[in-house]
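When reading the values below, keep in mind they use all heavy atoms of this one structure, side chains included, and skip hydrogens, waters and symmetry mates.
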Amino acid sequence: MYKRIIFVLAFAIMLPGCETIKDAMTDDRMKEENQPKYVISTHQLVKYPRANKLEIKVPAYDGRSVWIVKTPFIHSRHIEEVQMVPRANEPNFYDLKLKLTRRGRLIWMQMSVQFRHEDLALLIDGMFYRVFRPGKITTEEDTWVLLEGPVDYSSAQGAVKNAKKNYEFFNPDEGKWW
């Protein structure tokens, strides 16, 4: 008798939980078309991997692999907008002009000083795209930074098109009053 009562109570408690899970699965953020695309991140390159929990091997677009520090400096959560800037002597290749959040600007300032003589890794959707050196910004009020390419047309266009959606995806509570 007690087993049946416990079973019924457990079933009654779990039933609403199943509906909550079902609702979570249909949440707009979970739909395929709302998933982030062309996610940009910058990482420190690792020449001699040693710290297996902090460093990972990532594939590159050309088939090889590189080692990076897992934690990114700049990520799409820091990028509000992206613009394409044509390169002078390279048609169909672009630099990316990034509008960063306040936190992103502070991180970029720190990167531009600490890694001024070192190459950093630019990843797009978790794949190594190229190395770059961060350009200098002098004040926190500079909202735009230049990420020097070359970046091909389709990758640059994808970054421009998806920057705002990615920013909103990674900062869902931005602009809410609570």
*Under 3.5 Å, side chain of D152 to main-chain N/O of S155, donor-acceptor pair present?*
yes
_For a quick test of reading the model, state the closest non-hydrogen atom pair linking D95 to G149 and the distance between them._
OD1-N, 2.6 Å
*asked:* Among residues at least two apart in sequence or on other chains, which ones pass salt bridge (charged side-chain N to carboxylate O under 4.0 Å, His left out) with K164?
replied: E168
_Exam field: side chain T42 to backbone I74, donor-acceptor pair closer than 3.5 Å_ = yes
*Connected via hydrophobic side-chain network under 4.5 Å: L123 and V69*: no
*Interatomic distance, L96 atom CG to Q83 atom CD [nearest 0.5 angstrom]*: 10.5 Å
_All pairs passing side chain to side chain donor-acceptor pair (under 3.5 Å) where residues 116-127 contributes a residue, at least two apart_ = D119-R133
*Looking at residues at least two apart in the chain, or sitting in another chain, which of them share a side-chain hydrogen bond (donor to acceptor under 3.5 Å, both in side chains) with T101?*
none
_E90: partners by salt bridge (charged side-chain N to carboxylate O under 4.0 Å, His left out), with sequence neighbours left out_ = R87
*Can you name the ring pair (Phe, Tyr, Trp, His ring centres under 6.0 Å) partners of F73, sequence neighbours left out?*
F115
*With V145 via side-chain contact (heavy atoms from CB on, under 4.5 Å) - residues at least two apart*: L98, L100, W108, I137
_Checking I56 now: which residues fulfil side-chain contact (heavy atoms from CB on, under 4.5 Å) with it, not counting sequence neighbours?_
V58, I68, K70
*Do Y94 and P150 come within less than 4.5 Å of each other through their side chains, counting heavy atoms only?*
no
*Looking only at heavy atoms, what is the nearest atom pair of G126 and P59, with distance?*
O-CD, 4.3 Å
_Side-chain heavy-atom pair L45, V131 within 4.5 angstrom cut-off_ = yes
*For R64, enumerate each residue passing the salt bridge (charged side-chain N to carboxylate O under 4.0 Å, His left out) test, keeping only those at least two apart in sequence or located in another chain.*
D62
*Do L147 and L122 come close enough that some side-chain heavy atom pair is under 4.5 Å?*
yes
*Can you list every pair that meets ring-ring contact (aromatic ring centres under 6.0 Å, His included) and has a residue in residues 41-67, with sequence neighbours left out?*
Y61-Y129
*Between CD1 of I107 and CZ of R102, what distance do you get to the nearest 0.5 Å?*
11.0 Å
*Heavy-atom side-chain contact between F132 and V151 under 4.5 Å*: no
*Between H78 and G104, what is the shortest heavy-atom contact and its length?*
CB-CA, 3.9 Å
*Report yes if some heavy atom in the side chain of R77 is under 4.5 Å from a heavy atom in the side chain of Y167; otherwise report no.*
no
*Minimum-distance pair of heavy atoms, taken over all atoms of M127 and A60*: CE-O, 3.6 Å
*asked:* Who clusters with L146? Use side-chain heavy atoms, under 4.5 angstrom, across I, L, V, M, F, W and Y, and order the result by chain and number.
replied: V85
*Counterpart residues, side-chain contact (heavy atoms from CB on, under 4.5 Å), relative to Q114 (two or more places apart)*: Q110
_If you apply the rule side chain to side chain contact (heavy atoms under 4.5 Å, CB included), what do you find for W144 with E81, and how did you get there?_
CA-CA 9 Å; W144 292 88; E81 188 179 341; 3.7 Å; yes
*Go through the structure and list residues passing side-chain contact (heavy atoms from CB on, under 4.5 Å) with N89, not counting sequence neighbours.*
none
_Does Q157 form a side chain to side chain contact (heavy atoms under 4.5 Å, CB included) with Y38? I'd like the steps, not just the answer._
CA-CA 10 Å; Q157 189 68 25; Y38 288 91; over 6 Å; no
_Minimal non-hydrogen separation, P134 against S112, with atom names_ = CG-CA, 3.9 Å
*CZ of R130 to CD1 of I124: how many Å apart, nearest 0.5 Å?*
10.0 Å
_Any donor-acceptor pair under 3.5 Å from N166 side chain to S76 backbone_ = no
